[in-house]
Amino acid sequence: MSADTRKKTYEHLKDEIFSVVSGETYLPARLATTACLLSEAFQPRFFWTGFYVVDPLKPQELVVGPYTGTLGCLRIPFGKGVCGACAETGETQLVADVHAFPGHIACDSRSNSEIVVPVRDGNGNLVAVLDVDSTEYGAFDEIDQEGLEAICQGLLIA
Ligand code: SME
C-alpha cells in the first residue's frame with residue numbers, strides 16, 4: 001500500500017470509526033469496534049491490534065482490553081515493555097525492532113515491530129493504550145503514527 005493510500009485510508013477510517021461508535025457509551029464496545037476496523041483495513045501488516053486499558057483498581061497497571069490477533073498477555077505494569085513505556089511517558093512509541101527494546105514483552109515471538117499510542121479521556125487522563133504489532137521489521141512510520149494518534153485522540157470524545 002502506497003504512502004498516499006495509507007494516509008487516505010486513515011482519514012476514511014477515522015470518519016468510519018467515529019461514526020460507528022457515536023452515541024455508544026460502553027467503552028469496550030468503542031475499543032472493540034476500533035480494533036476490528038483498523039485490523040481489517042491493514043491486513044496482513046497489522047498482526048495484533050488492540051488495547052491495554054488502565055486498571056481502575058491498580059492505576060499503575062495495564063490490563064488487556066479488546067483486541068484482534070493471537071493471545072496477548074493479560075497485565076503490563078507501567079514502565080515495562082513498549083506498552084508500559086507509552087503508559088508511563090504518555091508518548092507514542094514507534095519501535096522498528098522490538099527485540100532491541102529494553103524490557104519488551106514477547107506475547108508472540110512472531111511480532112518484530114510495534115507502535116503504541118496513548119488514548120486519553122476529555123480531561124487528558126490516560127485511559128488506555130492502542131498497541132499494533134507486525135511480523136515485519138520497521139512496519140510502522142510517521143504516517144501510521146499520525147493516523148493512529150488522530151483516531152486515538154478523538155476516540156473517547158467522538
Ligand atoms: N509487545 C508488547 C506487549 C503486548 S503484546 O505484544 C500483545 C509490549 O512489549 O508492550
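As the structure is a prediction and not an experimental result, all values here were calculated from the model. Start at 1 and go down the list; that is how both ligands and their atoms are numbered.
Aromatic ring pairs are classed by plane angle as parallel below 30°, tilted from 30° to 60° and perpendicular above 60°; the pair F42 and Y10 is tilted.
Nearest non-hydrogen protein atom to atom 5 (S) of ligand 1 is C107 SG, 3.2 Å. Annotation: atom 6 (O) of ligand 1 to nearest protein heavy atom, D133 OD2, 2.6 Å. For atom 10 (O) of ligand 1, the closest non-hydrogen atom of the protein is C83 N, 2.7 Å. With respect to atom 2 (C) of ligand 1, the closest heavy atom belonging to the protein is E114 OE2, 3.2 Å.
Contact annotation for Y67 and ligand 1: no heavy atom of the residue comes within less than 4.0 Å of the ligand. With a heavy-atom cut-off of 4.0 Å, V116 does not touch ligand 1 at all. Of the heavy atoms in W48, only side-chain atoms (C-beta onward) come closer than 4.0 Å to ligand 1.
With no hydrogens or angles considered, no side-chain donor-acceptor pair links D97 and Y137 at under 3.5 Å. With no hydrogens or angles considered, no side-chain donor-acceptor pair links S22 and S19 at under 3.5 Å. With hydrogens and angles left out, the side-chain atoms of E114 and S134 include no donor and acceptor closer than 3.5 Å.
Under a 4.0 Å criterion applied to the non-hydrogen atoms of H104, ligand 1 contributes the atoms 1 (N), 9 (O). The ligand atoms of ligand 1 that sit less than 4.0 angstrom from a heavy atom of G81 are 9 (O), 10 (O). The atoms of ligand 1 that sit less than 4.0 Å from any heavy atom of Y52 are 4 (C), 7 (C).
Ion pairing of E61 with R75 is present here, as a side-chain N (NZ or NE/NH1/NH2) and a carboxylate O approach within less than 4.0 Å. Using a 4.0 Å cut-off between charged nitrogen and carboxylate oxygen, D144 and R45 count as a salt-bridge pair.
Of the polar atoms of G103, none of the N or O atoms is found under 3.5 Å from an N or O of ligand 1, judged by distance alone. Checked by distance only, ligand 1 and V82 come closer than 3.5 Å through their nitrogen or oxygen atoms.
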Side chain to side chain donor-acceptor pair (under 3.5 Å) between D108 and T70, worked out: CA-CA 7 Å; D108 188 317; T70 58; 2.8 Å; yes
Could you go through the side chain to side chain contact (heavy atoms under 4.5 Å, CB included) check for W48 and C107 one step at a time? CA-CA 10 Å; W48 196 97; C107 294; over 6 Å; no
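Of the listed options D131, I105, L62, D131 places a heavy atom closest to atom 4 (C) of ligand 1.
Just one of V129, V127, V119, D131 meets the side chain to side chain contact (heavy atoms under 4.5 Å, CB included) condition when paired with F51; it is V119.
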